[in-house]
Visitor: 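Structure in structure tokens, see below.
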Amino acid sequence: RPHEQSWGLPALDINYGLGDRIQLTLQTSLVVLTRSDHGAIGGLGSTEAALKWRFLDEDTNGFSVSTFPRVIFNVVQSSVRRGLADDGTRVQFPVQVARKLGIVDVDLEFGPRLSSVGRSEWLYGVVGGIDVTKTTELMAELHGTSRISFDQDVLTVNFGIRQKLTDHAILIASLGHEVRTPADQPLAFIGYCGVQLLY
């Protein structure tokens, strides 16, 4: 955002599959925050624990449906005081529906995000992906959050790529920009780059 930059370096996203339908996830990152009125500060950001459960498969049902409940919390409260993480604990219950439409993979997501501090929100989004080669997938995403009353929403457009490097490594990168925010909040530019390691 103007006069402010936040970096997650590194961001860690650890996933473990239990069978064919369940995935356990743990995410956290070291955050470095710089603002025009002070130098860089750093510390541990929010931590997320999640469980993804796919209970319908596209092969047998024509589309797949999964739920991805997650809990977002702070390991150290000093990160909240220093502006590196949001206060309180948040719980998300998104439901995801996916289907292949011709050459495009389409995923829809919708669900509540409940917060112990501040207002709760709805999460919603749609993402489409297309394989341009056997090793390259391009994606486009529209993602939003809004108050439970469906006002003061934040809407983000995002474009990404998944590039297979080896059988055990995939490059994932995206660039995006908020296109709608509440009137008192400046629009943010968002970027992500990482390597997924498969074992």
Visitor: Could you go step by step and tell me if Glu137 and Lys164 meet the salt bridge (charged side-chain N to carboxylate O under 4.0 Å, His left out) rule?
Guide: CA-CA 9 Å; Glu137 180 184 13; Lys164 183 177 179 181; over 6 Å; no
Visitor: Please list, chain by chain and in numerical order, all residues satisfying ring-ring contact (aromatic ring centres under 6.0 Å, His included) with Phe110, sequence neighbours excluded.
Guide: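 Listed in chain order: Trp122.
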Visitor: Would you check if there is a donor-acceptor pair between the side chains of Asp151 and Ser149 at a distance under 3.5 Å?
Guide: yes
Visitor: If Ile, Leu, Val, Met, Phe, Trp and Tyr residues are connected whenever their side-chain heavy atoms lie under 4.5 Å apart, and connections chain through other members, are Phe159 and Ile170 in the same group?
Guide: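 Different clusters: Phe159 never reaches Ile170 through Ile, Leu, Val, Met, Phe, Trp or Tyr contacts under 4.5 Å.
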Visitor: Table please: side-chain donor-acceptor pairs of residues 187-199 below 3.5 Å, with sequence neighbours left out.
Guide:
none

Visitor: Does Arg119 have more than 12 heavy atoms from other residues, nucleotides or ligands lying within 6.0 Å of its CZ?
Guide: no
Visitor: Do NZ/NE/NH1/NH2 and the carboxylate oxygens of Asp57 and Arg54 come within less than 4.0 Å?
Guide: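 Judged by the 4.0 Å cut-off on N to carboxylate O distance, Asp57 and Arg54 do form a salt bridge.
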Visitor: Could I get the full list of side chain to side chain donor-acceptor pair (under 3.5 Å) partners for Asp87, not counting sequence neighbours?
Guide: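 Partners of Asp87 by the side chain to side chain donor-acceptor pair (under 3.5 Å) criterion come out as none, since no residue qualifies.
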Visitor: Check ring-ring contact (aromatic ring centres under 6.0 Å, His included) between Phe55 and all other residues, then give those that pass, not counting sequence neighbours.
Guide: Trp53
Visitor: Report the residues that fulfil side chain to side chain contact (heavy atoms under 4.5 Å, CB included) with Glu121, sequence neighbours left out, ordered by chain and then residue number.
Guide: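 With sequence neighbours excluded, Glu121 shows a side chain to side chain contact (heavy atoms under 4.5 Å, CB included) to Arg113, Thr145, given in chain and number order.
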Visitor: Could you name each residue pair satisfying ring pair (Phe, Tyr, Trp, His ring centres under 6.0 Å) that touches residues 59-106, not counting sequence neighbours?
Guide: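 Qualifying pairs, neighbours excluded: none.
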Visitor: Can you list every side chain to side chain donor-acceptor pair (under 3.5 Å) pair that touches residues 71-80, not counting sequence neighbours?
Guide: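 Qualifying pairs: Ser46-Asn74.
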Visitor: Which pairs, with at least one residue in residues 28-43 and sequence neighbours excluded, count as a side chain to side chain donor-acceptor pair (under 3.5 Å)?
Guide: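 Every pair satisfying side chain to side chain donor-acceptor pair (under 3.5 Å) with a residue in residues 28-43: Glu4-Arg35, Thr28-Thr47.
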Visitor: Just by modelled atom types, is the Gly88 backbone N or O under 3.5 Å from a matching donor or acceptor in the Arg90 side chain?
Guide: yes
Visitor: To the nearest 0.5 Å, how far apart are CZ in Arg99 and CG in Asp107?
Guide: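 If we round to the nearest 0.5 Å, Arg99:CZ and Asp107:CG are 13.0 Å apart.
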Visitor: Ser120: which residues meet the side chain to side chain donor-acceptor pair (under 3.5 Å) condition with it, sequence neighbours left out?
Guide: none
Visitor: Is a side-chain donor-acceptor pair under 3.5 Å present for Thr136 with Gln163?
Guide: yes
Visitor: According to side chain to side chain contact (heavy atoms under 4.5 Å, CB included), who are the partners of Asp153, at least two apart in sequence or on a separate chain?
Guide: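 Expected list: Tyr124, Ser146, Arg180.
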Visitor: Residues two or more places apart in sequence or in another chain: which of them pass side chain to side chain donor-acceptor pair (under 3.5 Å) with Arg81?
Guide: none
Visitor: Glu48: what forms a side chain to side chain donor-acceptor pair (under 3.5 Å) with it, not counting sequence neighbours?
Guide: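 Checked Glu48 against side chain to side chain donor-acceptor pair (under 3.5 Å); zero matches.
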